[in-house]
Amino acid sequence: MQYGDIMTEARKIMSAQKIEITEEGRKAALAKFMATPVTPVEGVIAEYTRVLDSYCTKFNIKTHEELMSRADELEFDSAISNDILDKYSFIQRNKIQ
Amino acid sequence: MGKKHGVWFDLIDHISIHDQVIEQNKWLIKSGQDEYNYQRLKKDGIERLKQDIVFETHNGCQVEISKETLISNHNPHNGMTTYFRYNCLIPKKNYHLRYHAAHGTMYNPNAPWHDKPHRHEFDGKTQKIDVYSHDHRPTADQKKTYTWKSFPVILTFLNHEDWPFVSEFLDEISVK
């Protein structure tokens, strides 16, 4: 399915939910966007790498990939599994960009 | 996100829609048990908006919503969601619902859901996985079965690639 087709479906759902884009809503959204702090990705990657390393040490796991796979199968408690997923996938996304 | 009435949603529309969806579902959220964090992430001239929401619901769900959206001068990229994770845990019921975008396949390339957006539903000892994709496995592998903690995984390819909206996720957890 092409991106445009996906968005055609998205449009139908939005319409069914009666979600409207208003000037007032856009102004509020713009204000929120402008007030959002800008963070360099490199610092976030370094921080996330440290956290994943600490999980590897804690659970005696050799690689981040194995850690991710086991988190995906909920071997750890929910909060830890989610944390691993977010941080691991963030690093992967930013490595390939 | 995308376009409406023939016009592409831009990033500001996207933020506005996201906020409306959360606002419309405020009735679900326990007062004072919610956190909203926004960051703009910048790398090599590419910028993304990261939106993270954490809250508890009146029906006992611990919810996390995390999204990343491209910021760009060019449509349709401006406002396009590149990552999502929606999570709902109900500890009392041992129930866990996790939607997320694709993640790495390096460790277990044989699991055919890792490289596509997917949805896990852990209910007691059962795990169902719905994949936002057609079955992309080689024909010989399409009858393969998978296990989770020695229990079978019920795997379904949804045969479309429409990412689920936050609103659909919230609709789903509102009746748990």
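Each chain gets a letter, A, B and so on, in the order its sequence line appears, and its residues count up from 1. Every value quoted in this text rests on a predicted model; they were computed, and no experiment measured them.
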- Task: Search all heavy atoms of A:Ser78 against all heavy atoms of B:His96 and return the closest pair with its distance.
- Result: OG-CE1, 3.0 Å

- Message: Between B:Leu41 and chain A, with a heavy-atom cut-off of 4.5 Å, which part of the residue counts as in contact: side chain, backbone, both or neither?
- Response: both

- Item | Contacts of type side-chain hydrogen bond (donor to acceptor under 3.5 Å, both in side chains), residue B:Asp52, not counting sequence neighbours | B:Lys50, B:Ser66

- Item | Interatomic distance, A:Thr36 atom OG1 to B:Ile15 atom CD1 [nearest 0.5 angstrom] | 6.5 Å

- Task: Determine, using the 4.5 Å side-chain heavy-atom cutoff (strictly less than), whether A:Leu85 and A:Val51 are members of one ILVMFWY cluster.
- Result: yes

- Item | Pairwise side-chain contact, A:Asp86 with B:Glu64, heavy-atom cut-off 4.5 Å (strictly under) | no

- Message: Can you tell me how far apart OG (A:Ser89) and CZ (B:Arg85) are? Round to the nearest 0.5 Å.
- Response: 8.0 Å

- For the hydrophobic clusters of this structure (ILVMFWY residues joined by side-chain heavy atoms under 4.5 Å, transitively), does one cluster hold both B:Ile22 and B:Val54? no

- With sequence neighbours left out, the residues meeting ring pair (Phe, Tyr, Trp, His ring centres under 6.0 Å) with B:Phe157 are B:His136

- Message: For the CZ atom of A:Phe90 and the CZ atom of B:Arg48, what is their distance to the nearest 0.5 Å?
- Response: 5.5 Å

- Message: Is it the case that atom NZ in A:Lys27 sees more than 12 heavy atoms from other parts of the structure closer than 6.0 Å?
- Response: no

- Engaged part of B:Ile12 at the chain A interface, taking heavy atoms whose separation is under 4.5 Å: both

- Query: Taking all atoms of both residues into account, what is the closest heavy-atom pair of B:Ser16 and A:Ala29, and its distance?
  - Reply: N-CB, 3.8 Å

- Verdict with reasoning, B:Glu68 to A:Arg93, per side chain to side chain contact (heavy atoms under 4.5 Å, CB included): CA-CA 11 Å; B:Glu68 282 176 28; A:Arg93 286 197 303 286; 2.4 Å; yes

- Between atom CG of B:Asp13 and atom CG of A:Leu30, what is the distance when rounded to the nearest 0.5 Å? 11.0 Å

- Could you list which of residues 123-132 of chain B have a heavy atom closer than 4.5 Å to any heavy atom of chain A, in residue-number order? none

- Query: Quick one: do B:Leu89 and B:Ile53 end up in the same hydrophobic cluster if we chain Ile, Leu, Val, Met, Phe, Trp and Tyr together by side-chain heavy atoms under 4.5 Å apart?
  - Reply: no

- Message: Quick one: does any side-chain atom of B:Lys43 pair with a main-chain N or O of A:Asn94 as donor and acceptor, under 3.5 Å?
- Response: yes

- Message: Taking NZ in A:Lys58 as the centre, count heavy atoms belonging to other residues, nucleotides or ligands within less than 6.0 Å. Is the count above 12?
- Response: no

- Note on the structure: Ranked by heavy-atom pairs below 4.5 Å to chain A, first place among B:Tyr83, B:Phe122, B:Tyr38 goes to B:Tyr83

- Are B:Phe169 and B:Tyr36 linked, directly or through other ILVMFWY residues, by side chains that come within less than 4.5 angstrom of each other? yes

Atom pairs and distances, donor-acceptor, side-chain atoms in residues 37-48 of chain A, under 3.5 Å, two or more places apart:
| residue | atom | partner | partner atom | Å |
| --- | --- | --- | --- | --- |
| A:Thr39 | OG1 | B:Gln39 | NE2 | 3.3 |

